[in-house]
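Written out below as structure tokens is the structure these notes cover.
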Amino acid sequence: MPAPHRHGALRWTNYHGTESADLADLVELTNSTAESGRDALREVARDVLALLQQARAAGIHVRPLGSGWSPSPICIVDGGWLVETRRINRCFRLDSDDVASGVDASRLMLVQAGATVDEVNDSAEEMGLSLVTGGASNGQTLAGAAATGTHGSVLSAGGIQDHIRALQVVTPSGIFWVEPQQPLMTPGFVAHAGSTILRDDDVFAACLVAVGAMGFVTAMVIACEPIYMVRNIQKRARLTREHVTRLADGDFRVFSRELGLDEDPYFAQVILNPFDPFDKDALLRLLYRRAYDPAIPPPPRPLAGAGYDALTLIGKAMAGFDLFRADVLQLAMRAGYAVQRDVDDPEAVATWGNTTEPHNPIANLFNGSVTMARADLERAFDPLIEAFLSGGGGTVVTLRFMKRAAGLLAPARFDDNVVIDFDGPRSDVSHRSYRAVVARLDALGIRFTRHWGKTNDLDAARVAHDYGVDYHRFRAAQRRMMPDPGDLAVFGSDCLTHLGLI
Ligand SMILES: Cc1cc2nc3c(=O)[nH]c(=O)nc-3n(C[C@H](O)[C@H](O)[C@H](O)COP(=O)(O)OP(=O)(O)OC[C@H]3O[C@@H](n4cnc5c(N)ncnc54)[C@H](O)[C@@H]3O)c2cc1C
């Protein structure tokens with residue numbers, strides 16, 4: 001296996017062009033070509049272990065890097081080593097000899113940390129499986145997406161990290177196989193993968209959404225569902241206040257009957273024009289589960305197109321305008337959903353993997369979101385929109401819905417959650433608007449959390465406040481994972497110190 005490729009000192013900028021760092025080294029991990037997953041895991045983990053030990057001895061900070069999609073500075077390590085994982089991207093089947101007795105291997109996949117969501121979707125389909133949920137786009141790595149609690153709007157699911165059943169995690173002191181107390185893999189598998197077993201419910205829960213503060217994840221075992229398809233309704237529609245009430249109440253069936261199909265939706269997302277939410281069209285996306293039908297060909301393009309790119313570009317153009325913003329945005333929203341798929345379009349059926357979209361980098365985007373109990377949506381709705389506009393607004397406001405997600409630091413920590421995204425051009429206006437939203441929620445006494453990967457204005461005191469006892473459990477689990485403070489220090493960065501995570 002070739003040694004990791006070292007690019008040397010350089011200035012690195014993240015995907016959205018929002019953060020950059022002067023690195024002492026950009027290290028690109030190379031992959032093993034070993035046929036067996038256990039061998040591949042062992043070889044890659046040994047490379048990572050050697051890097052971490054070298055860094056520790058030299059007093060260098062190391063930051064694992066996924067796709068670098070997070071607009072927040074969580075991937076930044078000034079003067080340190082950024083270690084790219086994108087080439088460690090293989091997925092493997094598991095069989096009954098690999099798993100503990102009573103575990104069904106047929107729904108499990110062994111995934112290397114740098115596999116993108118798109119690559120995982122493809123491999124899952126080849127194995128007759130589907131992910132249960134995921135974000136809107138598919139270029140994040142699975143480890144990076146889990147590290148921030150990436151989510152979509154599947155009504156019955158949590159975040160992408162909810163798929164994870166076990167992780168291979170490397171620290172300067174060793175290669176660990178982290179599982180909950182209930183065993184998943186056999187001791188033989190774990191040893192062959194070069195790892196030492198660490199069974200601890202809280203360490204496992206801390207590793208699920210770790211923001212890169214629990215060690216270097218090299219692989220995961222994930223649980224999927226038998227392959228399924230979804231029917232896609234994607235349309236413009238006029239919302240009423242009653243619709244907002246239905247969403248806050250979780251009355252998705254009635255919402256769907258009025259605006260989509262008369263059945264329970266699997267996924268429901270609403271994109272609003274904040275300048276005039278009830279007198280301008282909203283963009284709806286409703287997905288309904290369908291049995292897998294191999295006779296249905298993959299669509300020529302993914303059945304997505306939330307039109308974020310178009311909306312964001314228009315947002316940039318709008319940034320200097322004060323007049324007609326509701327109308328300009330409405331035009332952009334129409335362009336974003338140029339192809340409508342309404343209730344009379346039965347063709348729009350695809351596998352789950354074909355509903356997420358690839359993405360091209362757009363420099364200088366602003367993304368910020370808040371997650372709160374879904375029941376608070378009704379009383380928060382008007383004040384939030386008003387606060388957002390008081391700062392000048394951005395582009396659209398998106399509502400997504402999900403269950404409580406796994407992980408001590410999962411932002412979706414309420415039984416039923418609404419996530420409200422505030423997107424826009426990267427400007428003072430967007431940021432000011434987001435700050436106004438956060439301040440208004442505090443003034444209303446509504447509990448909420450923020451996305452680790454997006455602009456969030458968090459600091460250590462606020463993180464401790466938002467996550468309460470789970471924050472302290474996270475820090476205790478971190479000490480069990482890395483009892484030697486010198487190991488934890490290797491993963492240090494200004495950002496993680498600021499967040500109180502290291
Ligand atoms: C176009 C676009 C669309 C998006 N859509 C959504 C969405 O629909 N829903 C949503 O919730 N979010 C969304 N996001 C946010 C995005 O999902 C998160 O920022 C995600 O964490 C990015 O994954 P990544 O692989 O790029 O991770 P990175 O940004 O590279 O890393 C994120 C964190 O994970 C750590 N990390 C990465 N790999 C490892 C590893 N192997 N071991 C340990 N730590 C690691 C990093 O150090 C860092 O702290 C979107 C972002 C973009 C740019």
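Both counts, for ligands and for their atoms, begin at 1 and track the order of listing. This structure is a prediction, so every number in the text was calculated from the model and none was measured.
Below 3.5 Å of separation, one finds no N or O of Gly453 facing any N or O of ligand 1. Among the atoms of Gly68, some N or O lies under 3.5 angstrom from an N or O of ligand 1. In terms of polar-atom proximity, defined here as any N/O pair under 3.5 Å, Lys454 makes no such contact with ligand 1. No N or O atom of Ser137 sits closer than 3.5 Å to an N or O atom of ligand 1. At least one N or O atom of Gly144 sits closer than 3.5 Å to an N or O atom of ligand 1. Taking any N or O of Ala113, backbone or side chain, none lies under 3.5 Å from an N or O belonging to ligand 1. Annotation: Thr141 places an N or O atom under 3.5 Å from an N or O atom of ligand 1; distance criterion only. Taking any N or O of Ser70, backbone or side chain, at least one lies under 3.5 Å from an N or O belonging to ligand 1. Distances between N or O atoms of Gly149 and those of ligand 1 include no value under 3.5 Å.
Ring-plane geometry between Tyr467 and Trp452 is classed as parallel, the angle between the planes falling under 30 degrees on a 0 to 90 degree scale with a further cut at 60. The aromatic rings of His451 and His151 sit tilted, their planes meeting at an angle between 30° and 60°. Ring geometry for Tyr228 versus Trp352: interplanar angle of 30 to 60°, hence tilted.
Side-chain contact between Phe474 and Val211: absent, with no pair of heavy atoms (C-beta onward) separated by less than 4.5 Å. Under the 4.5 Å side-chain criterion, counting only non-hydrogen atoms from C-beta, Leu110 is in contact with Leu41. Within the 4.5 Å cutoff, the side chain of Phe216 has no heavy atoms near those of the Leu49 side chain. Using a 4.5 Å cut-off on side-chain heavy atoms (C-beta onward), Cys75 and Trp12 make contact. The side-chain heavy atoms of Met214 and Cys207, taken from C-beta on, include a pair separated by under 4.5 Å.
Not a single heavy atom of Gly134 sits closer than 4.0 Å to an atom of ligand 1.
Cation-pi contact between Arg374 and Phe414: absent, since separation from the ring centre below 6.0 Å together with deviation from the ring axis within 45° is not met.
Interface atoms of ligand 1 facing Val211, defined by a heavy-atom separation under 4.0 Å, are 49 (O). Every atom of ligand 1 is numbered from 1 in the order shown, and the set under 4.0 Å from a heavy atom of Arg63 is 47 (O), 49 (O). Atom numbering of ligand 1 starts at 1 in the shown order; those under 4.0 Å from a heavy atom of Gly212 are 44 (N), 49 (O). Close approach to Thr148 involves these atoms of ligand 1, each under 4.0 Å from a residue heavy atom: 18 (C), 20 (C), 21 (O). Every atom of ligand 1 is numbered from 1 in the order shown, and the set under 4.0 Å from a heavy atom of Ala136 is 7 (C), 8 (O). Near Cys75, meaning under 4.0 Å from one of its heavy atoms, ligand 1 places the atoms 28 (P), 29 (O), 30 (O), 31 (O).
With a heavy-atom cut-off of 4.0 Å, Arg400 touches ligand 1 through its side chain alone. When heavy-atom distances to ligand 1 are checked against a 4.0 Å cut-off, His151 comes that close through both its backbone and its side chain. With a 4.0 Å cut-off on non-hydrogen atoms, His451 touches ligand 1 through its side chain and not its backbone.
Screening Leu65, Thr218, Val83 for a side-chain contact (heavy atoms from CB on, under 4.5 Å) involving Leu29 leaves a single residue, Val83.
When the heavy atoms of Ala147, Gly135, Ala143, Gly215 are ranked by distance to atom 43 (C) of ligand 1, first place goes to Gly215.
With salt bridges taken as basic N to acidic carboxylate O contacts below 4.0 Å, none links Asp415 and Lys403.
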- Task: Mind running side chain to side chain contact (heavy atoms under 4.5 Å, CB included) on Leu284 and Phe255 for me, showing each step along the way?
- Result: CA-CA 11 Å; Leu284 300 187; Phe255 181 84; 4.1 Å; yes
